[in-house]
Amino acid sequence: MPTITIPGGSLHYELRGTGPLLLISQSGEGDADRTADLVGHLADSRTVITYDRRGLGRSTIPDTTVSVREHADDVHHLLARLTDEPVVMLGQSLGASIGLHLAADHPEQLSLLIAHEPVSPWLLPESERAHHRAELAAIRDLYLATDLPTALKEVTRVLGITPGGDAEPGLTSFPMTAEREAAFDFFIRHDFQAVIDDPGPDDPAGCRVPVLPAAGERTPAAVFDRRCADRLAELTGVPLAVFPGGHNGNLSHPRAYAARLREVLAAPVTEWTP
């Protein structure tokens, strides 16, 4: 089981495929296995790195909140272990927020960041920022006062996660095991707090890494994560890239998502950067 030592613990990771490196940083309770279907459609042309975020699965599970910047530092150590060359990073939700910190703090490690619906209130105007932080805090409080099913209903509402009725057939099943419940517990109990407290990179406007803001075609325009993606597009001057599915389109539509990702990666960066 491949692991690396990180400050204060260890990080589990997996490599699959052949070709240039692509790092996928998943959100929610997603560990290294959660994007298996998407990876399966990319592995013929990319060596895909996935990992268990600290607090999940086979990585160290601390009893305190890990900041978004500390999550990014974990990825920094992972990439430093695997390569001396910059890689493409696909960040999903919290993974995109992690990627924005990594791009700011260690730009030499990334050739491109695709930031799919980052959960980063700091991106938003002040008038919206406090409201959405309060939404996340309310979900965390609801979970601590009730149970996981009740909290997950609010997660889907706040993030605009659409029902998976049109999901692609033949997807890998991920039942709600005790291990997955424990991962959700850390995510809501600690990572929600990390997102609420995240001030963003020290100099987000000075990022030297090409950043492509992205969103799912089915994510409602008014919800928090889509607003963050739209705001990132405004700040970078890069038009929003639309991907199949909604907030979790990489999980519900892995074939179509992989095809869209291939299109993006095949296009010269100069086609969409200002």
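Note that the structure is a prediction, hence the values are computed from the model and not measured.
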Open item on the list: Tell me whether Arg69 is salt-bridged to Asp73, with the criterion being a basic N under 4.0 Å from an acidic carboxylate O.
Closed with: no
- [ ] Could you check if a side-chain atom of Arg46 sits within less than 4.5 angstrom of a side-chain atom of Val88, using non-hydrogen atoms only?
- [x] yes
TODO: Classify the angle between the aromatic ring planes of His76 and His106 as parallel (below 30°), tilted (30 to 60°) or perpendicular (above 60°).
DONE: parallel
Open item on the list: Looking at Leu102, is its backbone amide N or carbonyl O close enough to the side chain of Gln109 to form a donor-acceptor pair, meaning the two atoms are under 3.5 Å apart?
Closed with: no
- [ ] Go through Val238 and Val211 one step at a time and tell me if the side-chain contact (heavy atoms from CB on, under 4.5 Å) criterion holds.
- [x] CA-CA 8 Å; Val238 177; Val211 176; over 6 Å; no
Task: Expected output: side-chain Arg260 to main-chain Val242 donor-acceptor under 3.5 Å - done: yes
TODO: Can you establish whether the number of heavy atoms outside Asp84 located under 6.0 Å from its atom CG is more than 12?
DONE: no
TODO: Decide side-chain contact (heavy atoms from CB on, under 4.5 Å) for Leu11 and His77; before the verdict, give the C-alpha distance in whole Å, the side-chain angles of both, and the deciding distance to 0.1 Å.
DONE: CA-CA 9 Å; Leu11 205 69; His77 287 287; over 6 Å; no
Task: Inter-residue atom distance Ile196.CD1 - Arg140.CZ, 0.5 Å rounding - done: 7.0 Å
Task: Proximity of His190 and Phe186 rings by center, below 6.0 Å - done: yes
Open item on the list: With a 3.5 Å distance limit and no angle check, can you tell me whether Arg129 reaches the backbone of Leu124 through a side-chain donor-acceptor pair?
Closed with: yes
Task: Inter-residue atom distance Leu110.CG - Leu79.CG, 0.5 Å rounding - done: 6.5 Å
Open item on the list: Are Val264 and Val48 linked, directly or through intermediate hydrophobic residues, by side-chain heavy-atom contacts shorter than 4.5 Å (ILVMFWY only)?
Closed with: yes
TODO: Locate the shortest heavy-atom distance separating Val223 from Leu159; write the atom from each residue and the value.
DONE: CG2-O, 3.8 Å
Task: Beyond-backbone contact of Gln26 with Asn250, side-chain heavy atoms, under 4.5 angstrom - done: yes
- [ ] Kindly compute the distance separating NE2 (His71) from OG1 (Thr65), expressed to the nearest 0.5 Å.
- [x] 8.5 Å
Open item on the list: Between Ser25 and Tyr51, do the side chains contain a donor N or O and an acceptor N or O under 3.5 Å apart?
Closed with: yes
Open item on the list: For Ile4, is there any backbone N or O sitting under 3.5 Å from a side-chain donor or acceptor partner on Arg81?
Closed with: no
Task: hydrophobic_cluster_shared for Leu144 and Phe187, side chain cutoff 4.5 Å - done: yes
TODO: Return yes if some donor-acceptor pair links the side-chain N/O of Glu14 with the main-chain N/O of Asp33 below 3.5 Å, else return no.
DONE: no
Task: Point-to-point distance, once rounded to the nearest 0.5 Å, from CG of Leu212 to CG of Leu232 - done: 9.0 Å
TODO: Taking all heavy atoms of Pro125 and all of Arg231, pick out the closest pair and write down the distance.
DONE: CD-NE, 4.2 Å
Task: Check: Val119 main-chain N/O paired with Ser97 side-chain donor or acceptor under 3.5 Å - done: yes
Open item on the list: Can you tell me how far apart CG (Leu42) and CD1 (Ile24) are? Round to the nearest 0.5 Å.
Closed with: 6.0 Å
Task: Glu154 side chain near Thr150 side chain, heavy-atom distance below 4.5 Å - done: no
- [ ] Check for a donor-acceptor pair, side chain of Ser59 on one end and backbone N or O of His12 on the other, with a separation under 3.5 Å.
- [x] yes
Open item on the list: Would you say Ile139 ends up clustered with Tyr143 if hydrophobic residues are merged whenever their side chains have heavy atoms under 4.5 Å apart, either directly or through other cluster members?
Closed with: yes
Open item on the list: Let me check something: do Leu113 and Trp122 share a hydrophobic cluster, defined by ILVMFWY side-chain heavy atoms less than 4.5 Å apart, either directly or through other members?
Closed with: yes
Open item on the list: So, taking the atom named CD in Glu179 and the one named CZ in Phe174, what distance separates them when rounded to the nearest 0.5 Å?
Closed with: 13.0 Å
Task: Closest non-hydrogen atom pair, Cys207 against Ala104 - done: SG-N, 4.4 Å
Open item on the list: I'd like to know if the side chain of Arg255 and the backbone of Pro169 have a donor-acceptor N/O pair within less than 3.5 Å.
Closed with: yes
TODO: Can you spot which of His41, Arg262, Glu168, His116 makes a side chain to side chain donor-acceptor pair (under 3.5 Å) with Tyr257?
DONE: His116
- [ ] For Gly28 and Arg53, work out which heavy atoms get closest and say how close.
- [x] O-NH2, 2.6 Å
Open item on the list: Has Thr219 got a side-chain atom pairing as donor or acceptor with His247's backbone, closer than 3.5 angstrom?
Closed with: yes
Task: Test side-chain contact (heavy atoms from CB on, under 4.5 Å) applied to Ile114 and Leu261, step by step - done: CA-CA 9 Å; Ile114 302 170; Leu261 184 60; 3.4 Å; yes
Open item on the list: Counting C-beta onward and ignoring hydrogens, is there a side-chain heavy-atom pair between Thr3 and Arg58 closer than 4.5 Å?
Closed with: no
- [ ] Could you walk me through whether Arg34 and Leu251 pass side-chain contact (heavy atoms from CB on, under 4.5 Å), step by step?
- [x] CA-CA 8 Å; Arg34 190 70 174 93; Leu251 305 179; 3.8 Å; yes
- [ ] Look at the side chain of Thr47 and the backbone N and O of Gly19, then say whether any donor-acceptor pair between them is shorter than 3.5 Å.
- [x] yes
Task: Single-linkage hydrophobic cluster, 4.5 Å side-chain cutoff, Leu123 and Val209 together - done: yes
Open item on the list: For a quick test of reading the model, state the closest non-hydrogen atom pair linking His253 to Pro244 and the distance between them.
Closed with: CB-CB, 4.4 Å
Task: Side chain proximity check, Thr35 to Leu90, heavy atoms < 4.5 angstrom - done: no
Task: Least distance between heavy atoms, Ala32 atom then Thr50 atom - done: O-OG1, 2.9 Å
